[in-house]
Colleague: 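One structure follows; several queries about it will come next.
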Amino acid sequence: MRKVDVAIIGAGHAGLNALKEVRRAGCSWVLIDNGSIGTTGEGVGCVPSKTIIELARQRWSSGGTGGTGGTGGMGGMGRKGVRADGPALRERVLGLRDNFADEMLGNSAADMTEGQELLRGQARFVETNLLEVNGERIRAGRIVVATGSLYAVPGRWRNLGDCLLTPDSLFDLEHLPASVVVVGLGPTGLELGQALSRLGVVVSGFDASANIAAISDPFVNKIAVQTISREFLLHLGEEVDVESDSFGVYVKSAKRVKATKRLLVATGRVSNLPEGLSGLCETDERGVPIFNARTLQVGDLPVFIAGDATGDRMTLQDAAEEGRVAGANAAREKPFPLARKVPMTIVFSDPNIAQVGARLDEVPDAVVGQTRFGPVGRTLMMARNRGVIRLYAQRGSGRLLGACMVGPRVEHLAHLVAWSVQQGHTVQYMQQMPFYHPVIEEALEGALKDTAHRVLAAGIPEADAA
């Protein structure tokens with residue numbers, strides 16, 4: 001039996017960041033992973049997906065390819081009759097992905113010896129601090145679970161064979177088909193659906209929700225749907241089932257039947273947990289261990305959980321932060337709390353969609369102010385002036401609570417709002433910040449002015465006045 005101070009299960013972003021803290025503390029350790037070392041983001045997540053989104057945007061902007069249809073291969077006939085070069089596009093996406101992955105591995109795993117510090121295999125919990133990997137048992141003082149997540153695919157749909165795609169497997173294709181039906185129009189499904197459409201693939205999207213990209217604000221959702229649906233078909237509020245035969249796949253809802261050669265399922269990710277853990281602790285309705293959200297400790301076990309495995313905020317930046325905290329806590333006697341940052345979600349569709357801080361349904365008494373991008377000078381110059389910013393402020397004080405927005409480059413405005421929410425700024429204070437002209441930030445200035453006026457008009461709540 002091998003004995004170590006800390007065992008880390010999972011060599012993705014959370015696990016590798018946990019390892020940095022464990023090594024810094026001078027602990028003995030072992031890293032266990034059943035696949036290749038590297039993160040979901042760099043391998044099959046944000047790096048390849050955002051790359052293909054950017055390449056599609058460039059081709060779209062130059063008129064190289066459109067979203068009006070395709071005839072096969074990596075793309076189809078675009079607005080100017082130019083066919084996307086599929087193999088070259090794939091080579092560029094995968095090349096960038098490999099560069100990111102190689103750089104990360106050089107910084108994290110260059111000096112690991114396989115079979116010693118690094119074990120390849122599936123870890124199984126035997127006891128709270130005893131693991132088994134390929135028949136070898138490892139006794140660890142503390143254990144970090146950073147095993148990531150998997151795309152959720154309904155059971156019957158898994159029998160579709162090569163017709164079935166997930167955002168993980170999409171980048172394995174050498175050629176994209178003439179048509180794709182996307183089921184699930186959350187952030188990932190929407191991003192990839194639009195990118196594929198711009199590369200000449202005929203895309204239809206379905207979602208059981210009336211909202212796209214998990215937008216919580218109905219007004220912002222309305223504007224986003226109107227804008228995105230100009231490029232590919234969106235069928236919202238429609239539950240679907242799938243059948244297949246030798247000719248292809250048939251996506252069926254109560255309103256329509258859609259035939260396609262490929263089905264891209266982007267209905268969300270679920271925690272990928274090691275065998276045996278759930279039998280040692282309490283779990284929630286999803287089967288995820290109940291853990292302290294600040295220390296990341298699972299119950300009172302010597303186990304810490306981080307990254308997508310938590311089933312919570314499945315983003316690379318959150319995984320990195322949680323990995324650092326889980327690793328540091330596993331290397332010390334008394335856990336310290338994680339200072340949670342303001343939640344922020346950015347969808348890299350065109351236009352961008354962003355949600356920051358509190359969602360509208362979480363602050364029903366908030367004062368809501370807004371501005372549209374229509375009259376903003378910089379967006380008029382860019383001919384990209386569709387969108388709206390909505391800000392949520394505390395009644396009386398004017399403290400900024402959250403925001404939801406859709407518009408050009410709002411990925412940058414979202415950060416300004418997030419920083420202000422985290423620092424507890426009021427909309428009145430934010431109005432005093434400098435704004436240049438002509439810049440997109442002037443849209444945020446307009447939203448702040450409108451919100452500040454509405455806060456003043458709403459007055460002081462009776463409870464505070466008393």
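For clarity, every value in this text was computed on a predicted model and none was experimentally measured.
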Colleague: In residues 240-247, what donor-acceptor pairs under 3.5 Å come from side-chain atoms, sequence neighbours left out?
Modeller:
| unit_1 | atom_1 | unit_2 | atom_2 | d |
| --- | --- | --- | --- | --- |
| Asp241 | OD1 | Arg156 | NH2 | 2.8 |
| Asp241 | OD1 | Trp157 | NE1 | 3.4 |
| Asp241 | OD2 | Arg156 | NH2 | 2.7 |
| Glu243 | OE1 | Lys252 | NZ | 3.0 |
| Asp245 | OD1 | Phe247 | N | 2.8 |
| Asp245 | OD1 | Gly248 | N | 3.2 |
| Asp245 | OD1 | Tyr250 | OH | 3.3 |
| Asp245 | OD2 | Tyr250 | OH | 3.2 |

Colleague: Take atom CG in Asp162; do more than 12 heavy atoms of anything else shown fall under 6.0 Å from it?
Modeller: no
Colleague: Which heavy atom in His13 sits nearest to a heavy atom in Asn17, and how many Å separate them?
Modeller: O-ND2, 2.8 Å
Colleague: Answer whether the closest heavy-atom distance between the side chains of Val406 and Thr227 falls below 4.5 Å.
Modeller: no
Colleague: Taking salt bridge (Lys or Arg N to Asp or Glu O under 4.0 Å) as the test, write out the residues that go with Glu21, two or more places apart.
Modeller: Arg24
Colleague: Please report, to 0.1 Å, the donor-acceptor pairs under 3.5 Å made by any side chain of residues 363-376, with sequence neighbours excluded.
Modeller:
| unit_1 | atom_1 | unit_2 | atom_2 | d |
| --- | --- | --- | --- | --- |
| Gln370 | OE1 | Arg390 | NH1 | 2.9 |

Colleague: Mind checking the OG-CD spacing from Ser216 to Glu362? Nearest 0.5 Å is all I need.
Modeller: 7.5 Å
Colleague: Can you name the residues that form a salt bridge (Lys or Arg N to Asp or Glu O under 4.0 Å) with Arg286, not counting sequence neighbours?
Modeller: Asp284
Colleague: How long is the gap from CG on Leu444 to CG on Leu416, to the nearest 0.5 Å?
Modeller: 6.5 Å
Colleague: Testing the basics here: between Val455 and Gly396, what is the closest heavy-atom pair and its distance to 0.1 Å?
Modeller: CG1-O, 4.0 Å
Colleague: Output the distance between atom CG (Leu401) and atom CZ (Arg359), rounded to the nearest 0.5 Å.
Modeller: 14.5 Å
Colleague: Do other residues, nucleotides or ligands put more than 12 heavy atoms under 6.0 Å from the CZ atom of Arg262?
Modeller: yes
Colleague: Using side-chain heavy atoms (C-beta onward) and a distance below 4.5 Å, is Glu231 in contact with Gln194?
Modeller: yes
Colleague: Just do the side chain to side chain contact (heavy atoms under 4.5 Å, CB included) check on Leu31 and Leu16 with the steps written out, would you?
Modeller: CA-CA 9 Å; Leu31 178 65; Leu16 292 175; 4.1 Å; yes
Colleague: Rounded to the nearest 0.5 Å, what separation is found between the CD1 atom of Ile8 and the CZ atom of Arg23?
Modeller: 9.5 Å
Colleague: I'd like to check Tyr392 versus Thr451 (side-chain heavy atoms, cut-off strictly below 4.5 Å). Are they in contact?
Modeller: no
Colleague: Applying the side-chain contact (heavy atoms from CB on, under 4.5 Å) test to Val417, which of Gln355, Gln422, Met405, Met344 qualifies?
Modeller: Met405
Colleague: In the structure I gave you, are the side-chain heavy atoms of Val265 and Leu263 within less than 4.5 Å of one another anywhere?
Modeller: yes
Colleague: Are the side chain of Asn292 and the backbone of Thr295 linked by a donor-acceptor contact shorter than 3.5 Å?
Modeller: yes
Colleague: Measuring from Asp312:CG to Ile305:CD1, what's the distance to the nearest 0.5 Å?
Modeller: 10.5 Å
Colleague: For Val356 versus Ala418, what's the shortest heavy-atom pair and its separation?
Modeller: CG1-CA, 3.5 Å
Colleague: Side-chain contact, heavy-atom cut-off 4.5 Å: Val388 with Phe219?
Modeller: yes
Colleague: Could you give me the CA-CA distance, side-chain angles and deciding distance for Arg340 and Glu322, then say whether salt bridge (charged side-chain N to carboxylate O under 4.0 Å, His left out) is met?
Modeller: CA-CA 9 Å; Arg340 279 288 186 183; Glu322 290 170 359; 3.1 Å; yes
Colleague: For a quick check under 3.5 Å, do Gln423 and Ser420 share a side-chain donor-acceptor pair by atom type?
Modeller: no
Colleague: Looking at Asn352 and Ser349, would you say the former's side chain and the latter's main chain have a donor-acceptor pair under 3.5 Å?
Modeller: yes
Colleague: Can any side-chain N or O of Ser149 pair as donor or acceptor with the backbone N or O of Ser271 at less than 3.5 Å?
Modeller: no
Colleague: If every non-hydrogen atom of Leu360 is compared with every non-hydrogen atom of Pro218, which pair is closest and at what distance?
Modeller: CD2-CD, 4.0 Å
Colleague: Between Leu264, Val202, Thr260, which is the residue that forms a side-chain contact (heavy atoms from CB on, under 4.5 Å) with Val181?
Modeller: Thr260
Colleague: Are any of the side-chain heavy atoms of Arg409 and Thr379 separated by less than 4.5 Å?
Modeller: no
Colleague: With heavy-atom distances below 4.5 Å as the criterion, would you say the side chains of Leu236 and Ile212 are in contact?
Modeller: yes
Colleague: Within the side chain of Ser229, is there an N or O that forms a donor-acceptor pair under 3.5 Å with the backbone of Val225?
Modeller: yes
Colleague: Show the numbers, then the answer: is there a side chain to side chain contact (heavy atoms under 4.5 Å, CB included) between Leu192 and Leu170?
Modeller: CA-CA 10 Å; Leu192 292 178; Leu170 176 64; 4.0 Å; yes
Colleague: If you look at every heavy atom in Phe304 and Ala330, which pair is closest and at what distance?
Modeller: CE1-CA, 3.9 Å
Colleague: Below 30° counts as parallel, above 60° as perpendicular, anything between as tilted: where do the rings of His425 and Tyr429 land?
Modeller: tilted
Colleague: Are the side chain of Thr267 and the backbone N or O of Ala152 linked by a donor-acceptor pair below 3.5 Å?
Modeller: yes
Colleague: Given Leu196 and Phe232, is the side chain to side chain contact (heavy atoms under 4.5 Å, CB included) satisfied, shown in steps?
Modeller: CA-CA 10 Å; Leu196 293 173; Phe232 69 97; over 6 Å; no
Colleague: So how far is it from Thr310 OG1 to Leu296 CG, rounded to the nearest 0.5 Å?
Modeller: 8.0 Å
Colleague: Is there a side chain to side chain contact (heavy atoms under 4.5 Å, CB included) between Val257 and Val251 once you walk through the steps?
Modeller: CA-CA 6 Å; Val257 177; Val251 180; over 6 Å; no
Colleague: Which salt bridge (Lys or Arg N to Asp or Glu O under 4.0 Å) pairs, counting each pair once, include a residue from residues 374-385, with sequence neighbours left out?
Modeller: Asp350-Arg384
Colleague: Could you tell me which non-hydrogen atom of Ala18 sits nearest to which non-hydrogen atom of Val144, and how far apart they are?
Modeller: CB-CG1, 4.1 Å
Colleague: Could you tell me whether the side chain of Glu321 and the main chain of Asp318 form a donor-acceptor pair under 3.5 Å?
Modeller: no
Colleague: Please identify each residue that fulfils salt bridge (Lys or Arg N to Asp or Glu O under 4.0 Å) with Glu238, with sequence neighbours left out.
Modeller: Arg256
Colleague: Ignoring hydrogens and geometry beyond distance, is a side-chain donor-acceptor pair present between Gln431 and Glu445 at under 3.5 Å?
Modeller: no
Colleague: Whether Glu239 and Lys255 form a salt bridge (side-chain N of Lys/Arg under 4.0 Å from carboxylate O of Asp/Glu) is what I want to check.
Modeller: no
Colleague: Does Asn272 reach the side chain of Asp308, with side-chain heavy atoms less than 4.5 Å apart?
Modeller: no
